[in-house]
Amino acid sequence: MVPNSSRALVLVLLLLAGSESRASQNCLNKQQLLTAIRQLQQLLKGQETRFAEGIRNMKSRLAALQNSVSRVAPAMPPVSCPSLNAPVDGRKFGSKYSVDHEVHFTCNPGFQLVGPSSVVCLDNGTWTGEQPRCRAISECSSQPCLNGGTCVEGNNQYRCLCPPGRTGSRCQHQAQAAPEAQAQAGDPAFSRAPRCAQVEREQHCSCEAGFHLSGAGGGDSVCQDVNECEIYGQERGPRLCMHACVNTPGSYRCTCPSGYRTLADGKSCEDVDECVGSQQVCPQGTMCINTGGGFQCVSPECPESSGDISYVKTSPFQCERNPCPMDSRPCRHMPKTISFHYLSLPSNLKTPITLFRMATASAPGRPGPNSLRFGIVGGNSRGHFVMQRSDRQTGELILVQTLEGPQTLEVDVDMSEYLERSFQANHVSKVTIFVSPYNF
């Protein structure tokens with residue numbers, strides 16, 4: 001059935017069409033044509049008003065329906081996974097339990113992790129693995145004592161009994177040379193005659209600063225040098241020097257290892273940066289990296305080309321992958337960028353501590369990833385590090401186990417970008433860490 005308004009519109013159109021057919025016989029005058037146009041305009045205006053009223057009515061009904069559905073079925077809470085605790089004798093890194101968030105685990109020294117080192121929260125509200133535990137291990141089984149030292153088990157720690165001439169928690173340092181100590185015994189500079197005075201029939205003797213009175217008194221007394229290095233040389237006790245102490249007649253002096261200079265206080269040591277000198281220390285084509293007490297010459301290289309995958313060096317410390325063919329899925333899953341980073345650390349650095357940060361930034365005018373995943377994908381770190389998200393766009397490489405040098409560690413860190421849960425690209429940072437043999 002045709003509505004009245006539509007029927008009227010059809011009649012007007014027929015009238016105009018009929019008028020055209022009669023135009024050759026009897027043309028409409030101007031007044032008749034204007035009247036017909038005004039009638040058609042009024043009809044269209046009425047149609048527009050009724051259409052707008054219908055739209056408003058439909059919007060009102062949809063809003064009422066939405067309110068009704070919201071009251072009946074409230075919005076579901078966001079999916080999250082059960083909370084996790086740090087394992088006994090271990091640590092947990094990560095406090096967010098929403099979908100795609102990661103939690104990392106590590107054990108205290110003397111314990112070994114049994115189970116996954118990290119878990120991810122899935123869409124169904126479960127973790128990708130069971131919570132791990134820490135199992136006690138024998139510290140001495142790894143033979144931590146150097147230079148012939150004997151390892152003795154302790155309460156969650158070990159102790160090294162060092163042979164003569166060696167010192168340090170792992171017998172890694174050479175003790176003060178024996179000939180110098182022997183020279184003190186017969187060296188007249190280390191013993192002096194006391195200063196004596198007669199006071200009321202009694203003789204009182206005293207020594208200069210840095211010497212102490214020994215002997216039975218009277219003419220048999222002698223002032224012997226006080227060996228400050230021996231008194232304050234106990235490990236874990238107060239120390240006179242940052243590195244080594246050399247006893248001198250009536251006093252002492254501090255020395256620093258090769259590659260360090262002694263500061264103005266006469267006790268502290270400062271690393272010498274060999275890379276900033278006027279003389280070139282590394283061969284042509286390599287770069288100098290300053291380390292504690294020395295330096296390293298490095299030459300980062302891009303991976304060799306393989307099939308459709310090739311890299312180009314865009315800076316001394318970064319490689320970028322060339323564009324992939326449209327149908328090459330393996331190429332797109334190779335790292336888009338590979339960067340090289342070098343860190344120098346002292347021994348026995350207090351943990352946990354953040355060493356390195358990795359972040360993403362979108363190009364102007366292009367949408368950035370809405371999800372990032374971070375992880376450790378290679379190297380020889382042996383569980384010394386974890387990778388943890390610090391905010392939406394940044395991940396942190398955290399040292400969780402104490403390092404003792406000298407040693408060199410490598411850890412490869414991966415950052416994968418996702419857009420609407422679809423993989424976009426990943427970036428790898430190859431971090432090399434040079435650990436000094438000293439605690440400074």
Side-chain angles (χ1 to χ4, degrees), residues 144-155 157-272 292-293 346-348 404-405 436-440:
C145 302
L146 306 175
N147 302 306
T150 303
C151 184
V152 178
E153 293 283 0
N155 184 18
Q157 62 182 358
Y158 66 90
R159 183 166 60 93
C160 290
L161 301 179
C162 300
R166 287 288 170 178
T167 184
S169 60
R170 296 174 61 202
C171 308
Q172 72 273 30
H173 301 316
Q174 187 170 3
Q176 184 174 315
E180 187 173 349
Q182 294 173 358
Q184 294 179 15
D187 191 339
F190 288 89
S191 61
R192 299 180 182 179
R195 295 175 296 189
C196 299
Q198 194 79 18
V199 179
E200 295 181 356
R201 299 182 182 182
E202 290 186 4
Q203 190 177 40
H204 294 269
C205 299
S206 63
C207 299
E208 301 175 16
F211 292 84
H212 68 95
L213 191 67
S214 66
D220 296 331
S221 298
V222 65
C223 289
Q224 292 285 350
D225 171 66
V226 175
N227 191 335
E228 297 87 353
C229 299
E230 184 177 312
I231 295 174
Y232 293 96
Q234 305 296 328
E235 193 157 340
R236 295 187 177 87
R239 301 188 62 184
L240 295 176
C241 302
M242 179 177 283
H243 178 58
C245 178
V246 178
N247 188 46
T248 61
S251 185
Y252 68 94
R253 62 182 175 87
C254 298
T255 63
C256 293
S258 175
Y260 292 83
R261 66 169 64 93
T262 306
L263 295 181
D265 62 3
K267 301 178 180 181
S268 304
C269 300
E270 181 183 58
D271 175 55
V272 176
S347 288
N348 300 313
E404 192 157 6
S436 162
Y438 310 106
N439 296 344
F440 47 83

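The first residue of the sequence shown is numbered 1, and numbering continues consecutively from there. Heavy-atom basis, side chains included; hydrogens, waters and symmetry copies ignored. Keep in mind it's a predicted model, so treat the numbers as computed, not measured.
- With a 4.5 Å cut-off on side-chain heavy atoms, Met242 and Tyr438 do not count as touching.
- When every heavy atom of Phe211 is checked against every heavy atom of Gly250, the shortest pair comes out as CE1-CA, 3.5 Å.
- Listed here is the closest heavy atom pair of Gln224 and Ser214: CG-OG, 3.3 Å.
- Residues Ser347 and Asn439 are in side-chain contact: their nearest non-hydrogen atoms beyond the backbone lie under 4.5 Å apart.
- Smallest separation of non-hydrogen atoms from Asn247 and Val226: OD1-O, 3.5 Å.
- Within the 4.5 Å cutoff, side-chain heavy atoms of Cys223 are placed close to those of Leu213.
- Scanning both residues, Cys269 and Phe440, for their nearest heavy atoms gives CB-CE1, 3.8 Å.
- Taking each heavy atom of Thr255 and His243 in turn, the nearest pair found is O-CB, 3.4 Å.
- Here Arg253 contributes atom CZ and Thr248 contributes atom OG1; the two are 7.5 Å apart, rounded to the nearest 0.5 Å.
- Using a 4.5 Å heavy-atom threshold, the side chains of Tyr252 and Lys267 count as touching.
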Determine, stepwise, if the pair Cys245 / Cys254 fulfils disulfide bond (SG atoms under 2.5 Å apart).
-> CA-CA 5 Å; Cys245 178; Cys254 298; 5.6 Å; no
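- To the nearest 0.5 Å, atoms CZ (Arg261) and CG (Asp271) are separated by 8.0 Å.
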